[in-house]
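Right, one structure below, let's go through it.
What you see is a predicted model; the values in this text were computed from it and never measured. Order of the sequence lines sets the chain letters (A, B, ...), proteins ahead of strands, with each chain counted from 1.
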Amino acid sequence: MAPSPTGFLHIGGVRTFLFNWLFARHHGGEFRLRIENTDTSREVAEAVEQIEESLRWLRLDWDGETTFQLDRMDDCRRVADQLVADGHAYEDEGAIRFRMPDEGVTAWDDAVRGRVEFPNDSLEDLVLVRSDGRPTYNFASPMEDVWDGITHVIRAEDHISNTPKQINIISAVGAALPVYAHVPNVNGADGKKLSKRHGATGVDEFRRAGYLPDALVNFLALLGWAPDGETTIMSRDELIERFSLERVTPSPAQFDYAKLDWMNGVYIRALPEDAFAHALILWLGEQGYEWDAVLVRKAAPLVQEKLSRLEEFPAYARFLFEDVQVDPAEIDGGAPVITAAKAALDGLEPFDAATIETALRGVVEELGLKPRQGFQPIRIAVTGSKISPGLFESIELLGRETTLARLSAAAS
RNA sequence: GGCGCAUUCGUCUAGUGGCCUAGGACACCGCCCUCUCACGGCGGCGGCACGGGUUCGAAUCCCGUAUGCGCCUCCA
(Lines give C-alpha, C1' and ligand atoms only; values in the text may rest on other atoms or scores of the structure.)
Protein backbone atom coordinates (compact mmCIF):
# COMPACT_ATOMS: atom_id res chain seq x y z
CA MET A 1 0.00 0.00 0.00
CA ALA A 2 1.47 3.28 -1.04
CA PRO A 3 -0.23 6.42 0.26
CA SER A 4 1.18 9.86 -0.36
CA PRO A 5 1.77 11.93 2.77
CA THR A 6 -0.57 14.77 1.92
CA GLY A 7 -2.83 14.67 4.97
CA PHE A 8 -5.03 12.43 7.05
CA LEU A 9 -5.70 8.95 5.81
CA HIS A 10 -8.84 9.05 3.65
CA ILE A 11 -11.53 6.47 4.30
CA GLY A 12 -11.46 5.46 0.64
CA GLY A 13 -7.76 4.83 0.99
CA VAL A 14 -8.45 2.69 4.02
CA ARG A 15 -10.78 0.50 1.98
CA THR A 16 -8.01 -0.09 -0.57
CA PHE A 17 -5.67 -0.67 2.34
CA LEU A 18 -8.05 -3.20 3.80
CA PHE A 19 -8.30 -5.20 0.59
CA ASN A 20 -4.50 -5.37 0.42
CA TRP A 21 -4.34 -6.42 4.04
CA LEU A 22 -7.05 -9.06 3.73
CA PHE A 23 -5.42 -10.47 0.61
CA ALA A 24 -1.97 -10.65 2.20
CA ARG A 25 -3.24 -12.15 5.44
CA HIS A 26 -5.45 -14.63 3.63
CA HIS A 27 -2.50 -15.95 1.64
CA GLY A 28 0.03 -15.69 4.44
CA GLY A 29 1.94 -13.13 2.43
CA GLU A 30 3.66 -9.91 3.36
CA PHE A 31 1.91 -6.57 3.46
CA ARG A 32 4.16 -3.60 2.85
CA LEU A 33 3.72 0.09 3.57
CA ARG A 34 5.50 2.53 1.33
CA ILE A 35 5.18 6.30 1.44
CA GLU A 36 5.11 7.92 -1.98
CA ASN A 37 6.73 11.23 -1.25
CA THR A 38 8.42 12.13 -4.50
CA ASP A 39 6.31 15.28 -4.71
CA THR A 40 7.97 17.10 -1.84
CA SER A 41 5.95 20.25 -2.50
CA ARG A 42 2.72 18.57 -1.46
CA GLU A 43 4.07 16.80 1.58
CA VAL A 44 2.39 17.65 4.86
CA ALA A 45 4.30 17.52 8.12
CA GLU A 46 3.16 14.81 10.53
CA ALA A 47 1.17 13.09 7.78
CA VAL A 48 3.20 9.89 7.95
CA GLU A 49 2.76 9.66 11.73
CA GLN A 50 -0.97 10.27 11.35
CA ILE A 51 -1.31 7.60 8.68
CA GLU A 52 0.52 5.07 10.81
CA GLU A 53 -1.51 6.01 13.88
CA SER A 54 -4.75 5.58 11.94
CA LEU A 55 -3.67 2.14 10.75
CA ARG A 56 -2.73 1.11 14.26
CA TRP A 57 -6.11 2.26 15.53
CA LEU A 58 -7.80 0.18 12.83
CA ARG A 59 -5.48 -2.70 13.69
CA LEU A 60 -4.29 -3.10 10.12
CA ASP A 61 -0.71 -4.13 10.70
CA TRP A 62 1.99 -4.06 8.05
CA ASP A 63 5.18 -6.06 7.71
CA GLY A 64 8.69 -4.67 7.92
CA GLU A 65 9.75 -1.07 8.03
CA THR A 66 7.82 1.68 6.34
CA THR A 67 9.76 2.67 3.22
CA PHE A 68 9.97 6.03 1.50
CA GLN A 69 9.99 6.51 -2.23
CA LEU A 70 12.33 9.46 -2.01
CA ASP A 71 15.04 7.23 -0.52
CA ARG A 72 15.39 5.55 -3.91
CA MET A 73 15.95 8.69 -5.92
CA ASP A 74 19.51 7.71 -6.80
CA ASP A 75 18.54 4.20 -7.86
CA CYS A 76 15.81 5.62 -10.06
CA ARG A 77 18.22 8.03 -11.71
CA ARG A 78 20.67 5.22 -12.44
CA VAL A 79 17.92 3.20 -14.10
CA ALA A 80 16.83 6.25 -16.06
CA ASP A 81 20.35 6.77 -17.35
CA GLN A 82 20.51 3.14 -18.38
CA LEU A 83 17.16 3.48 -20.17
CA VAL A 84 18.56 6.45 -22.09
CA ALA A 85 21.65 4.45 -22.98
CA ASP A 86 19.45 1.60 -24.17
CA GLY A 87 17.32 3.91 -26.28
CA HIS A 88 14.18 3.38 -24.18
CA ALA A 89 14.27 6.96 -22.97
CA TYR A 90 15.58 10.33 -24.05
CA GLU A 91 16.36 13.76 -22.65
CA ASP A 92 13.85 16.53 -23.09
CA GLU A 93 14.44 20.03 -21.72
CA GLY A 94 16.44 18.71 -18.79
CA ALA A 95 13.97 15.96 -17.99
CA ILE A 96 14.14 12.33 -19.04
CA ARG A 97 11.20 10.92 -20.96
CA PHE A 98 10.30 7.31 -21.55
CA ARG A 99 9.70 6.27 -25.13
CA MET A 100 6.34 4.51 -25.24
CA PRO A 101 5.74 2.03 -28.05
CA ASP A 102 3.45 3.48 -30.70
CA GLU A 103 2.08 0.32 -32.24
CA GLY A 104 0.06 -2.56 -30.87
CA VAL A 105 -1.52 -2.74 -27.45
CA THR A 106 -0.42 -3.02 -23.86
CA ALA A 107 -2.60 -5.43 -21.94
CA TRP A 108 -2.83 -7.28 -18.67
CA ASP A 109 -5.16 -9.65 -16.88
CA ASP A 110 -6.56 -7.64 -14.03
CA ALA A 111 -7.41 -9.76 -11.01
CA VAL A 112 -10.66 -7.83 -10.57
CA ARG A 113 -11.61 -6.85 -14.11
CA GLY A 114 -10.19 -9.47 -16.39
CA ARG A 115 -8.40 -8.49 -19.57
CA VAL A 116 -7.72 -4.78 -20.00
CA GLU A 117 -6.11 -3.40 -23.17
CA PHE A 118 -4.78 0.01 -24.11
CA PRO A 119 -3.80 0.96 -27.65
CA ASN A 120 -0.16 1.99 -27.51
CA ASP A 121 -0.67 5.02 -29.72
CA SER A 122 -2.73 6.54 -26.89
CA LEU A 123 0.25 6.35 -24.53
CA GLU A 124 2.34 9.50 -24.31
CA ASP A 125 6.03 9.57 -23.57
CA LEU A 126 6.03 10.21 -19.88
CA VAL A 127 8.56 12.02 -17.75
CA LEU A 128 10.66 9.60 -15.69
CA VAL A 129 12.91 12.16 -14.05
CA ARG A 130 12.03 15.80 -13.63
CA SER A 131 14.48 18.47 -14.68
CA ASP A 132 15.32 18.97 -10.99
CA GLY A 133 16.41 15.34 -10.77
CA ARG A 134 13.46 13.88 -8.81
CA PRO A 135 11.80 10.79 -10.29
CA THR A 136 8.07 10.95 -10.95
CA TYR A 137 5.47 8.70 -9.41
CA ASN A 138 4.86 6.70 -12.58
CA PHE A 139 8.56 5.82 -12.71
CA ALA A 140 9.43 5.37 -9.06
CA SER A 141 6.34 3.35 -8.27
CA PRO A 142 6.83 0.47 -10.72
CA MET A 143 10.57 0.42 -10.03
CA GLU A 144 9.94 0.04 -6.32
CA ASP A 145 7.44 -2.68 -7.03
CA VAL A 146 10.27 -4.49 -8.78
CA TRP A 147 12.87 -3.84 -6.08
CA ASP A 148 10.53 -4.75 -3.24
CA GLY A 149 9.50 -7.96 -4.92
CA ILE A 150 5.85 -6.92 -4.98
CA THR A 151 3.79 -9.76 -6.41
CA HIS A 152 0.35 -8.10 -6.27
CA VAL A 153 -0.45 -4.46 -6.82
CA ILE A 154 -3.90 -3.83 -5.40
CA ARG A 155 -5.00 -0.24 -5.84
CA ALA A 156 -7.98 1.92 -6.73
CA GLU A 157 -9.41 2.14 -10.22
CA ASP A 158 -8.12 5.63 -10.90
CA HIS A 159 -4.77 3.95 -11.51
CA ILE A 160 -6.04 1.87 -14.42
CA SER A 161 -4.71 4.25 -17.03
CA ASN A 162 -1.34 4.43 -15.30
CA THR A 163 -0.94 0.70 -15.53
CA PRO A 164 -0.01 0.36 -19.21
CA LYS A 165 2.68 3.01 -18.69
CA GLN A 166 4.11 1.20 -15.70
CA ILE A 167 3.97 -2.14 -17.50
CA ASN A 168 6.03 -0.73 -20.35
CA ILE A 169 8.62 0.62 -17.94
CA ILE A 170 8.95 -2.67 -16.10
CA SER A 171 9.20 -4.52 -19.40
CA ALA A 172 11.92 -2.14 -20.59
CA VAL A 173 14.09 -2.91 -17.57
CA GLY A 174 13.52 -6.60 -18.13
CA ALA A 175 11.78 -7.35 -14.85
CA ALA A 176 8.79 -9.56 -14.12
CA LEU A 177 5.35 -7.96 -13.94
CA PRO A 178 3.28 -8.11 -10.77
CA VAL A 179 -0.38 -9.08 -10.82
CA TYR A 180 -2.52 -5.96 -10.98
CA ALA A 181 -5.90 -5.66 -9.27
CA HIS A 182 -7.88 -2.47 -9.62
CA VAL A 183 -10.55 -2.20 -6.99
CA PRO A 184 -13.54 0.09 -7.43
CA ASN A 185 -13.63 3.63 -6.08
CA VAL A 186 -15.68 4.63 -3.08
CA ASN A 187 -17.97 7.55 -3.84
CA GLY A 188 -20.34 9.80 -1.93
CA ALA A 189 -24.13 9.61 -2.10
CA ASP A 190 -24.16 11.61 -5.34
CA GLY A 191 -21.82 9.19 -7.09
CA LYS A 192 -18.99 11.70 -6.99
CA LYS A 193 -15.69 11.24 -5.28
CA LEU A 194 -16.15 11.05 -1.51
CA SER A 195 -15.40 14.47 -0.05
CA LYS A 196 -16.02 16.66 2.97
CA ARG A 197 -19.48 17.69 1.91
CA HIS A 198 -20.65 14.09 2.07
CA GLY A 199 -19.64 13.76 5.73
CA ALA A 200 -16.61 12.39 7.49
CA THR A 201 -13.76 11.33 5.20
CA GLY A 202 -10.67 11.14 7.39
CA VAL A 203 -10.07 8.18 9.67
CA ASP A 204 -9.54 10.63 12.52
CA GLU A 205 -13.07 11.97 12.03
CA PHE A 206 -14.59 8.51 12.26
CA ARG A 207 -12.61 7.92 15.40
CA ARG A 208 -13.86 11.15 16.93
CA ALA A 209 -17.45 10.31 16.05
CA GLY A 210 -17.15 7.13 18.05
CA TYR A 211 -17.08 4.42 15.45
CA LEU A 212 -15.51 1.14 16.51
CA PRO A 213 -12.53 0.02 14.42
CA ASP A 214 -13.99 -3.46 13.95
CA ALA A 215 -17.28 -2.04 12.70
CA LEU A 216 -15.50 0.28 10.29
CA VAL A 217 -13.40 -2.59 8.98
CA ASN A 218 -16.44 -4.82 8.54
CA PHE A 219 -18.36 -2.09 6.75
CA LEU A 220 -15.49 -1.14 4.46
CA ALA A 221 -14.87 -4.77 3.54
CA LEU A 222 -18.39 -4.91 2.12
CA LEU A 223 -17.82 -1.96 -0.20
CA GLY A 224 -17.03 -3.76 -3.43
CA TRP A 225 -16.79 -7.22 -1.98
CA ALA A 226 -19.20 -9.81 -0.60
CA PRO A 227 -18.54 -13.42 0.37
CA ASP A 228 -22.10 -14.34 -0.60
CA GLY A 229 -25.43 -12.60 -0.77
CA GLU A 230 -26.36 -13.08 2.87
CA THR A 231 -23.53 -12.53 5.32
CA THR A 232 -22.96 -9.01 6.58
CA ILE A 233 -21.49 -9.21 10.06
CA MET A 234 -18.05 -10.81 9.99
CA SER A 235 -15.13 -10.88 12.39
CA ARG A 236 -11.66 -10.03 11.18
CA ASP A 237 -10.74 -13.69 11.10
CA GLU A 238 -13.77 -14.52 9.03
CA LEU A 239 -13.01 -11.63 6.68
CA ILE A 240 -9.46 -12.89 6.23
CA GLU A 241 -10.60 -16.43 5.72
CA ARG A 242 -13.22 -15.62 3.13
CA PHE A 243 -11.62 -12.75 1.21
CA SER A 244 -10.64 -13.19 -2.42
CA LEU A 245 -9.93 -10.77 -5.24
CA GLU A 246 -12.08 -12.84 -7.58
CA ARG A 247 -15.13 -11.78 -5.62
CA VAL A 248 -14.34 -8.08 -5.70
CA THR A 249 -16.87 -6.26 -7.88
CA PRO A 250 -15.57 -3.93 -10.57
CA SER A 251 -18.23 -1.21 -10.20
CA PRO A 252 -17.89 1.78 -7.85
CA ALA A 253 -19.70 1.83 -4.51
CA GLN A 254 -21.33 4.65 -2.61
CA PHE A 255 -20.50 5.21 1.03
CA ASP A 256 -23.73 4.78 3.02
CA TYR A 257 -23.32 6.48 6.39
CA ALA A 258 -26.68 5.19 7.60
CA LYS A 259 -25.62 1.60 7.09
CA LEU A 260 -22.33 2.24 8.86
CA ASP A 261 -24.26 3.66 11.82
CA TRP A 262 -26.42 0.57 11.95
CA MET A 263 -23.42 -1.72 11.78
CA ASN A 264 -21.58 0.24 14.46
CA GLY A 265 -24.62 -0.17 16.69
CA VAL A 266 -24.51 -3.90 16.09
CA TYR A 267 -20.87 -3.96 17.18
CA ILE A 268 -21.55 -1.78 20.23
CA ARG A 269 -24.35 -4.06 21.38
CA ALA A 270 -22.21 -7.15 20.81
CA LEU A 271 -19.46 -5.84 23.09
CA PRO A 272 -19.19 -7.43 26.54
CA GLU A 273 -20.31 -4.94 29.19
CA ASP A 274 -16.77 -4.31 30.39
CA ALA A 275 -15.37 -3.79 26.94
CA PHE A 276 -18.12 -1.33 26.12
CA ALA A 277 -17.50 0.65 29.29
CA HIS A 278 -13.80 0.63 28.54
CA ALA A 279 -14.34 1.91 25.00
CA LEU A 280 -16.55 4.66 26.35
CA ILE A 281 -14.03 5.76 28.97
CA LEU A 282 -11.25 5.77 26.40
CA TRP A 283 -13.30 7.78 23.94
CA LEU A 284 -14.42 10.32 26.56
CA GLY A 285 -10.80 10.78 27.56
CA GLU A 286 -9.72 11.37 23.97
CA GLN A 287 -12.46 13.94 23.56
CA GLY A 288 -11.49 15.86 26.67
CA TYR A 289 -14.36 14.90 28.96
CA GLU A 290 -13.40 14.69 32.61
CA TRP A 291 -16.29 12.58 33.76
CA ASP A 292 -15.85 10.18 36.65
CA ALA A 293 -14.86 6.79 35.22
CA VAL A 294 -16.62 4.87 37.98
CA LEU A 295 -19.90 6.55 37.17
CA VAL A 296 -19.36 6.12 33.43
CA ARG A 297 -18.86 2.44 34.06
CA LYS A 298 -22.17 2.28 35.92
CA ALA A 299 -24.00 4.30 33.27
CA ALA A 300 -22.67 2.24 30.38
CA PRO A 301 -25.12 -0.67 30.62
CA LEU A 302 -28.02 1.79 30.64
CA VAL A 303 -27.16 3.10 27.20
CA GLN A 304 -25.35 0.29 25.46
CA GLU A 305 -28.26 -0.79 23.31
CA LYS A 306 -29.23 2.78 22.50
CA LEU A 307 -26.05 4.03 20.88
CA SER A 308 -24.99 3.74 17.31
CA ARG A 309 -21.91 5.93 17.88
CA LEU A 310 -20.01 6.62 21.08
CA GLU A 311 -20.46 10.35 20.53
CA GLU A 312 -24.14 9.89 21.35
CA PHE A 313 -23.30 8.98 24.92
CA PRO A 314 -23.02 12.49 26.38
CA ALA A 315 -26.52 13.42 25.24
CA TYR A 316 -27.96 10.45 27.12
CA ALA A 317 -25.82 10.60 30.22
CA ARG A 318 -24.96 14.25 30.76
CA PHE A 319 -27.58 14.53 33.52
CA LEU A 320 -25.50 12.18 35.67
CA PHE A 321 -22.45 14.40 35.53
CA GLU A 322 -23.74 17.93 35.24
CA ASP A 323 -26.66 20.05 36.45
CA VAL A 324 -29.75 20.00 34.27
CA GLN A 325 -31.75 22.84 32.78
CA VAL A 326 -35.47 22.17 32.83
CA ASP A 327 -37.78 24.10 30.56
CA PRO A 328 -41.00 24.68 32.61
CA ALA A 329 -43.06 24.59 29.42
CA GLU A 330 -42.04 20.98 28.91
CA ILE A 331 -43.33 19.94 32.32
CA ASP A 332 -46.74 20.99 31.03
CA GLY A 333 -49.12 20.18 33.86
CA GLY A 334 -46.87 17.56 35.31
CA ALA A 335 -46.36 19.29 38.63
CA PRO A 336 -48.79 17.05 40.59
CA VAL A 337 -47.12 13.82 39.53
CA ILE A 338 -43.69 15.30 40.22
CA THR A 339 -44.76 16.34 43.69
CA ALA A 340 -46.24 12.92 44.34
CA ALA A 341 -43.11 11.21 43.02
CA LYS A 342 -41.00 13.28 45.33
CA ALA A 343 -43.04 12.19 48.30
CA ALA A 344 -42.85 8.56 47.26
CA LEU A 345 -39.10 8.62 46.78
CA ASP A 346 -38.36 10.45 50.01
CA GLY A 347 -37.43 7.77 52.50
CA LEU A 348 -37.84 4.91 50.05
CA GLU A 349 -35.76 1.85 50.97
CA PRO A 350 -33.91 0.32 49.32
CA PHE A 351 -33.21 3.02 46.74
CA ASP A 352 -32.79 0.69 43.80
CA ALA A 353 -34.37 0.51 40.37
CA ALA A 354 -36.87 -2.23 41.16
CA THR A 355 -38.16 -0.53 44.30
CA ILE A 356 -38.22 2.85 42.60
CA GLU A 357 -40.23 1.39 39.75
CA THR A 358 -42.81 -0.11 42.10
CA ALA A 359 -43.17 3.15 43.96
CA LEU A 360 -43.48 5.34 40.89
CA ARG A 361 -45.93 3.00 39.18
CA GLY A 362 -48.04 3.25 42.30
CA VAL A 363 -47.95 7.04 42.13
CA VAL A 364 -48.93 7.11 38.49
CA GLU A 365 -51.76 4.65 39.00
CA GLU A 366 -53.09 6.56 41.98
CA LEU A 367 -53.29 9.74 39.94
CA GLY A 368 -55.15 7.84 37.23
CA LEU A 369 -52.49 8.53 34.63
CA LYS A 370 -51.27 6.31 31.85
CA PRO A 371 -47.67 5.25 32.41
CA ARG A 372 -46.32 7.37 29.59
CA GLN A 373 -48.23 10.44 30.76
CA GLY A 374 -47.04 10.03 34.28
CA PHE A 375 -43.41 9.19 33.73
CA GLN A 376 -42.59 11.80 31.14
CA PRO A 377 -42.75 14.85 33.49
CA ILE A 378 -40.61 12.97 36.01
CA ARG A 379 -38.11 12.09 33.31
CA ILE A 380 -37.85 15.70 32.22
CA ALA A 381 -37.49 16.93 35.79
CA VAL A 382 -34.77 14.42 36.61
CA THR A 383 -32.81 14.20 33.38
CA GLY A 384 -33.67 17.50 31.73
CA SER A 385 -34.59 15.68 28.57
CA LYS A 386 -37.53 13.94 26.91
CA ILE A 387 -35.15 11.18 25.89
CA SER A 388 -33.16 9.31 28.46
CA PRO A 389 -31.97 5.93 29.62
CA GLY A 390 -34.48 3.89 31.64
CA LEU A 391 -36.05 6.19 34.22
CA PHE A 392 -35.79 3.93 37.26
CA GLU A 393 -32.21 2.91 36.63
CA SER A 394 -31.35 6.55 35.99
CA ILE A 395 -32.86 7.64 39.31
CA GLU A 396 -31.01 4.91 41.17
CA LEU A 397 -27.72 6.02 39.66
CA LEU A 398 -28.40 9.69 40.27
CA GLY A 399 -29.07 9.03 43.94
CA ARG A 400 -31.81 10.11 46.28
CA GLU A 401 -30.47 13.51 47.18
CA THR A 402 -29.98 14.84 43.67
CA THR A 403 -33.20 13.30 42.45
CA LEU A 404 -35.27 14.94 45.18
CA ALA A 405 -33.59 18.28 44.60
CA ARG A 406 -34.38 18.14 40.89
CA LEU A 407 -37.97 17.13 41.52
CA SER A 408 -38.36 20.02 43.94
CA ALA A 409 -36.90 22.49 41.48
CA ALA A 410 -39.20 21.31 38.70
CA ALA A 411 -42.38 21.31 40.79
CA SER A 412 -41.98 24.84 42.04
C1' G B 1 -12.25 15.86 -27.21
C1' G B 2 -9.16 11.03 -26.82
C1' C B 3 -8.43 6.58 -24.11
C1' G B 4 -10.26 3.49 -20.33
C1' C B 5 -13.65 1.49 -16.58
C1' A B 6 -18.52 0.74 -15.06
C1' U B 7 -24.18 0.05 -15.26
C1' U B 8 -29.38 -5.55 -10.60
C1' C B 9 -34.37 -2.21 -5.44
C1' G B 10 -32.82 4.92 -2.88
C1' U B 11 -27.86 2.40 -0.98
C1' C B 12 -24.42 -2.10 -0.34
C1' U B 13 -24.93 -6.55 -2.82
C1' A B 14 -26.38 -12.24 -4.36
C1' G B 15 -26.91 -13.96 -9.21
C1' U B 16 -21.65 -16.72 -14.08
C1' G B 17 -28.05 -19.43 -19.70
C1' G B 18 -33.30 -22.78 -17.17
C1' C B 19 -33.18 -23.36 -9.37
C1' C B 20 -35.37 -15.82 -10.70
C1' U B 21 -43.22 -14.40 -10.92
C1' A B 22 -34.66 -11.78 -9.18
C1' G B 23 -32.62 -13.42 -2.85
C1' G B 24 -30.33 -10.81 1.60
C1' A B 25 -28.91 -6.31 4.36
C1' C B 26 -29.34 -0.82 5.31
C1' A B 27 -32.83 3.09 4.66
C1' C B 28 -38.11 4.11 4.33
C1' C B 29 -43.49 2.92 5.66
C1' G B 30 -47.09 0.12 8.82
C1' C B 31 -48.20 -3.04 13.05
C1' C B 32 -46.55 -5.32 17.74
C1' C B 33 -43.46 -4.81 22.27
C1' U B 34 -42.84 -0.46 25.52
C1' C B 35 -41.76 4.74 31.01
C1' U B 36 -39.08 8.20 26.47
C1' C B 37 -35.38 6.82 23.05
C1' A B 38 -33.46 2.58 21.29
C1' C B 39 -33.40 -2.78 20.86
C1' G B 40 -36.33 -6.80 19.21
C1' G B 41 -40.49 -9.29 16.33
C1' C B 42 -43.86 -9.33 12.08
C1' G B 43 -45.33 -7.30 7.44
C1' G B 44 -44.90 -3.83 3.24
C1' C B 45 -42.82 -0.64 -0.65
C1' G B 46 -38.99 -1.09 -4.20
C1' G B 47 -34.57 -3.12 -9.10
C1' C B 48 -32.04 -6.31 -13.96
C1' A B 49 -30.29 1.71 -17.97
C1' C B 50 -32.18 1.42 -23.23
C1' G B 51 -32.23 -0.95 -28.21
C1' G B 52 -30.84 -4.88 -31.20
C1' G B 53 -29.00 -9.80 -31.71
C1' U B 54 -27.45 -15.24 -30.27
C1' U B 55 -30.55 -19.24 -28.03
C1' C B 56 -35.94 -23.70 -27.25
C1' G B 57 -34.80 -20.24 -23.11
C1' A B 58 -31.01 -14.21 -21.00
C1' A B 59 -30.20 -10.20 -15.24
C1' U B 60 -26.57 -13.73 -17.05
C1' C B 61 -23.33 -14.22 -23.87
C1' C B 62 -22.41 -10.52 -28.29
C1' C B 63 -23.05 -5.58 -30.64
C1' G B 64 -24.69 -0.61 -30.35
C1' U B 65 -26.72 3.68 -27.65
C1' A B 66 -27.18 6.40 -23.24
C1' U B 67 -25.49 7.77 -18.58
C1' G B 68 -21.83 8.01 -14.69
C1' C B 69 -16.86 7.92 -13.23
C1' G B 70 -11.46 7.90 -13.96
C1' C B 71 -7.06 9.34 -16.53
C1' C B 72 -4.93 12.32 -20.37
C1' U B 73 0.50 17.08 -14.95
C1' C B 74 8.15 17.78 -15.00
C1' C B 75 0.56 15.38 -9.15
C1' A B 76 0.21 10.81 -6.67
Side-chain angles (χ1 to χ4, degrees), chain A residues 2-6 35-39 41-43 69 92-97 110 112-114 116-124 126-141 155-165 182 184-187 189-193 219 221-233 247 249-263 265-266 268-269 303-308 312 315-316 357 360-361 364 369-380 383 385-394:
Chain A
S4 54
T6 53
I35 304 296
E36 312 231 292
N37 57 345
T38 54
D39 185 6
S41 65
R42 291 208 310 164
E43 187 160 352
Q69 198 155 70
D92 176 31
E93 307 215 17
I96 298 176
R97 278 188 190 272
D110 197 282
V112 169
R113 286 150 211 277
V116 181
E117 292 188 352
F118 278 78
N120 284 334
D121 60 14
S122 71
L123 269 27
E124 300 205 347
L126 66 87
V127 171
L128 299 177
V129 180
R130 300 173 173 94
S131 51
D132 67 3
R134 285 154 40 230
T136 59
Y137 158 79
N138 266 316
F139 179 42
S141 188
R155 43 156 64 152
E157 66 178 308
D158 35 300
H159 284 289
I160 291 177
S161 39
N162 285 326
T163 304
K165 303 172 191 172
H182 290 94
N185 280 332
V186 176
N187 295 326
D190 53 3
K192 300 245 195 317
K193 201 171 167 151
F219 175 77
L222 259 17
L223 248 34
W225 174 79
D228 54 54
E230 316 291 313
T231 319
T232 51
I233 303 296
R247 288 196 66 86
T249 51
S251 52
Q254 292 187 21
F255 196 100
D256 185 352
Y257 291 90
K259 187 167 185 177
L260 204 214
D261 281 2
W262 164 78
M263 191 173 282
V266 171
I268 284 178
R269 276 172 250 129
V303 298
Q304 185 165 2
E305 71 171 21
K306 298 179 188 298
L307 302 188
S308 60
E312 293 167 347
Y316 276 109
E357 174 164 7
L360 290 183
R361 282 195 189 281
V364 166
L369 296 170
K370 288 180 180 167
R372 60 188 309 144
Q373 290 175 312
F375 292 134
Q376 202 60 354
I378 303 174
R379 179 193 319 284
I380 292 168
T383 71
S385 169
K386 286 190 274 195
I387 300 168
S388 80
L391 221 208
F392 319 117
E393 293 79 2
S394 294

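Remark: the A/S161 side chain and the B/rC3 base include no donor-acceptor N/O pair separated by less than 3.5 Å.
In this structure, the CG atom of A/N120 is 18 Å from the P atom of B/rC72, given to the nearest Å. Residue A/D256 contributes atom CG, which lies 11 Å from atom P of B/rC26 at whole-angstrom precision. What separates CG of A/L260 from P of B/rU13 is a distance of 14 Å, to the nearest Å.
Proximity of A/R372 to the phosphate of B/rU36: a side-chain N or O atom is located under 4.0 Å from OP1 or OP2. Note on A/R269: a side-chain N or O is less than 4.0 Å away from OP1 or OP2 of B/rG40.
Sequence order on RNA chain B of the closest nucleotides to A/D190 and A/E157 puts A/E157 first from the 5' end.
Within the nucleic acid shown, A/R42 comes within 4.0 Å of at least one base atom, counting heavy atoms only. Nucleic acid contact for A/T249: sugar-phosphate only, since backbone atoms but no base atoms lie under 4.0 Å from a heavy atom of the residue.
Comparing the P positions of B/rC28 and B/rC69 gives a spacing of 27 Å, expressed to the nearest Å.
Distance from the side chain of A/K192 is smallest for B/rG68 among the nucleotides B/rG68, B/rA76, B/rC35. The side chain of A/V116 has B/rG4 as its nearest neighbour among B/rG4, B/rC12, B/rC26.
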